[in-house]
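These notes concern the structure reproduced below.
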There are 2 protein chains.
Amino acid sequence: MMDAMSSDLIPRLWGKPPAGRRGPKPALSVAQIVEAAYVIADEQGLAAVSMARVAEAVGCSPMALYRHVKNKDELLILLADRLCNDLPEPDRDLEWREGLAAWMRAQVDLAVRKPWFLDLPIAATLPGPNRLAWIDLGFYYLRDVALPAEEKLAILGIVAQYALGEAKIEVEAALSDPDNPYASFEEMLVTYADPERFPHLMASMATWQPAAPGEESDSDDPSAFGQSLLMAGIAAHIERHIERSDRK
Amino acid sequence: MMDAMSSDLIPRLWGKPPAGRRGPKPALSVAQIVEAAYVIADEQGLAAVSMARVAEAVGCSPMALYRHVKNKDELLILLADRLCNDLPEPDRDLEWREGLAAWMRAQVDLAVRKPWFLDLPIAATLPGPNRLAWIDLGFYYLRDVALPAEEKLAILGIVAQYALGEAKIEVEAALSDPDNPYASFEEMLVTYADPERFPHLMASMATWQPAAPGEESDSDDPSAFGQSLLMAGIAAHIERHIERSDRK
DNA sequence: ATTAACTGTTTATAAAATACGCAGATTGGA
DNA sequence: TCCAATCTGCGTATTTTATAAACAGTTAAT
C-alpha cells in the first residue's frame, strides 16, 4: 500500500530496534560498525574508510554491512553523529556569552583534533541524537535569554557554522607546509594578484600590518575575533527583541 | 636538484603558461577541461563528473587530462573557482550594510542555483582568481569602513561561511520531499526526542510558534535573520574600533 | 512442523582513478 | 639542416571502489 519507507536512516540514527523480530540474532550492530569506521578514520583518515576495511575491522564480509546500513553515505552520516560524542563535558556555570563561546570553541577544537571531520559530506542538516544533545547544551546556555525557540536554534546554527569555517582555517594552518611558498594568503597576493584586477583588495592590503612576531594578537585564540563579532550581533538582536516586546 | 615543485595547482589556477615551450602545441587547455566538468556537473550533478566523462565531453582520452591537471581533486578545486564566475554583476551604489547583504545573498543564490556546489570538497581556503575577484568586491563594499585589512578579510570570511550554511538549509528545504515524514526538525523532535534527554531544547521548543500559514515571516528572505545578526555584530565591532582609535 | 522473515556470505559487476610507457610533434641549438 | 630534448596525447593495465543478486542457515510466529 504505502510504498516502502523511503528512509530507515532516522530509526538507525536513534538506535530504534525494528519492530519485527523473526530471524537470527544479529551478530553485528550498527554501533559496532560505526565505531569501526570511526577508528579507521582516526588512524588513517576518512579516505581509508571503505566498506571492505570496515568489514574487516568488524570481522565480517563486506556485504554484511549492508544489512545494517543502507549504503556508505548513510554510514558516514552515522559517523558524523558519532563524532559529536567526543565533544567535551561542558561547564554549566556560564552565562550565555561565555557559554556560547565555549560551545563554539569546543566544536572548533574537536575538528582540529579530528581533521577528517571536515572531509565528511556534511549535507545533512538533520542532527542525530549526539548532535542534538550538543544543541540541547546550546539551549542551556541560552536559558536566560528571552528569544523564541526558533531564533535560538538559528543562532546556534550560525555559531556552529562559524565554528566549521574557523576549524577549516586552523586545520589548514596546522597542516601548512612551511616549504610551500604559497601557503599564506598574503604570499599568494604578492605573487599573483594584479592590483588592477583586484583594486580594492590590494588597496586595503597595502596597509597590512604583518603581525610583528611575538605580538601575534591580543589573545592567542584565533577565533576570538569572530567570536566577539557573533556575540555582539546576538546581544544586539536580543536587545532589539526586548525593546519590541516592551513597546507592546 | 630541487625536488619537483610540490604543487602546480596555483599556476594552473591563475592560468600562467609554463615557461618552457618546446613540444607540440597543446590541443587541450585547462579552461576547456574545467568548462566541460562544469557542464557535466550542471546537467547531471557532481557525482557524474568523472575523468572519463570529462574526457569524452572534451573529445580526448581520459589519460590526456592528466597532462593538464594533477588529479581529480585538483580539477575540482579549479571547478570551484570557475563557479565563482557565475556570481552576478554587483550593484556598486550600496553602503556597506546593503552591500555586504547583497554580497552574501548572491552567494546563497548561487549555491541554490547550482546545488552541486555544496558537494564540492571545500577544504581549500586559498581562493583562485575568480573567488578573489569576489572578495575584492567585498572589500569594495567595505571601502568606507575604518578597519584594518585583516579584519575586513576575517569579516568577509565569516559572512561567506554563513552564506554556505544558509545555502545548505535552503537547498535542503527545496529538495525536501513532502512525503518524508521526518523532513523537518520539529517533526523529528516530536517523533524521537525524549524530554529527559534534551530538557532545555524541549522546554524551549514547548513554546514554539508553528508559523501560521500565510504569515510565514516578516520578510520572505529566509536569510534575513542571520543577515541582520551578522550586520549588527559587524557594526558593533566597527564602533568599538573607532572608539579605541579616538581614545588614543 | 511449517513457513516467513531475517541473518551473514559468496560471487560477480561495473565504474572509478591513475601508474606506466609509447609514438609522434615541435623546437632550440649544433 | 639535423639532432636531441621535450612535450603532447593515447592505449593498456592495475587497483580499489561500491554494490547488485542469489543463497544457505537461523529463528520465531503460526
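Just so we're on the same page: letters track the sequence lines, and every chain starts at 1.
- What separates CG of A/D73 from C1' of D/dT17 is a distance of 13 Å, to the nearest Å.
- Rounded to whole Å, atom C1' of C/dC20 lies 17 Å from atom CG of B/N71.
- Under the rule for a ring pair (Phe, Tyr, Trp, His ring centres under 6.0 Å), the partners of B/F225 that lie at least two apart in sequence or sit in another chain are A/H237.
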Set out, line by line, the N/O atom pairs under 3.5 Å between protein and nucleotides 14-16 of chain D.
none

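- Residues forming a side-chain hydrogen bond (donor to acceptor under 3.5 Å, both in side chains) with B/N85 (at least two apart in sequence, or on another chain): none.
- Shortest non-hydrogen contact noted between B/I158 and A/G226 is CD1-CA, 3.5 Å.
- Of the side-chain N and O atoms in B/H68, none sit less than 4.0 angstrom from OP1 or OP2 of D/dT8.
- Counting only heavy atoms from C-beta on, A/K72 has its side chain closest to D/dT19 among D/dG9, C/dA19, D/dT19.
- B/N71 and B/Y66 get closest at one heavy-atom pair: CA-CE2, 4.0 Å.
- Here the closest non-hydrogen pair linking B/H68 and B/A64 is CD2-O, 3.5 Å.
- Straight-line distance from the OH atom of B/Y66 to the C1' atom of D/dC10: 14 Å, rounded to whole Å.
- Under the ring pair (Phe, Tyr, Trp, His ring centres under 6.0 Å) criterion, B/Y140 pairs with A/H200, not counting sequence neighbours.
- When the P atom of C/dA14 is taken as reference, atom CE of B/M51 falls 23 Å away, rounded to whole Å.
- In this structure, the CD atom of B/E56 is 18 Å from the P atom of D/dG9, given to the nearest Å.
- When ring centroids are compared, A/Y192 and B/W14 come within the 6.0 Å threshold.
- Nucleotide D/dA20 holds its C1' atom 14 Å from the NZ atom of A/K70, rounded to whole Å.
- Per the geometry, CD belonging to B/Q44 stands 13 Å off P belonging to C/dA15, to the nearest Å.
- The existence of a salt bridge linking B/K70 and B/D8 is excluded, since no basic side-chain nitrogen approaches an acidic carboxylate oxygen closer than 4.0 Å.
- Nucleic acid contact for A/M63: base, since at least one base atom lies under 4.0 Å from a heavy atom of the residue.
- Residues passing the side-chain hydrogen bond (donor to acceptor under 3.5 Å, both in side chains) test with A/D73, sequence neighbours excluded: none.
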Open item on the list: Can you build the contact string for nucleotides 22-30 of chain D? Use B for base contact, S for sugar-phosphate-only contact, and - for no protein heavy atom under 4.0 Å.
Closed with: BB-BBBSS-
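- Rounded to whole angstrom, the span from the CD atom of B/E74 across to the P atom of C/dT18 amounts to 11 Å.
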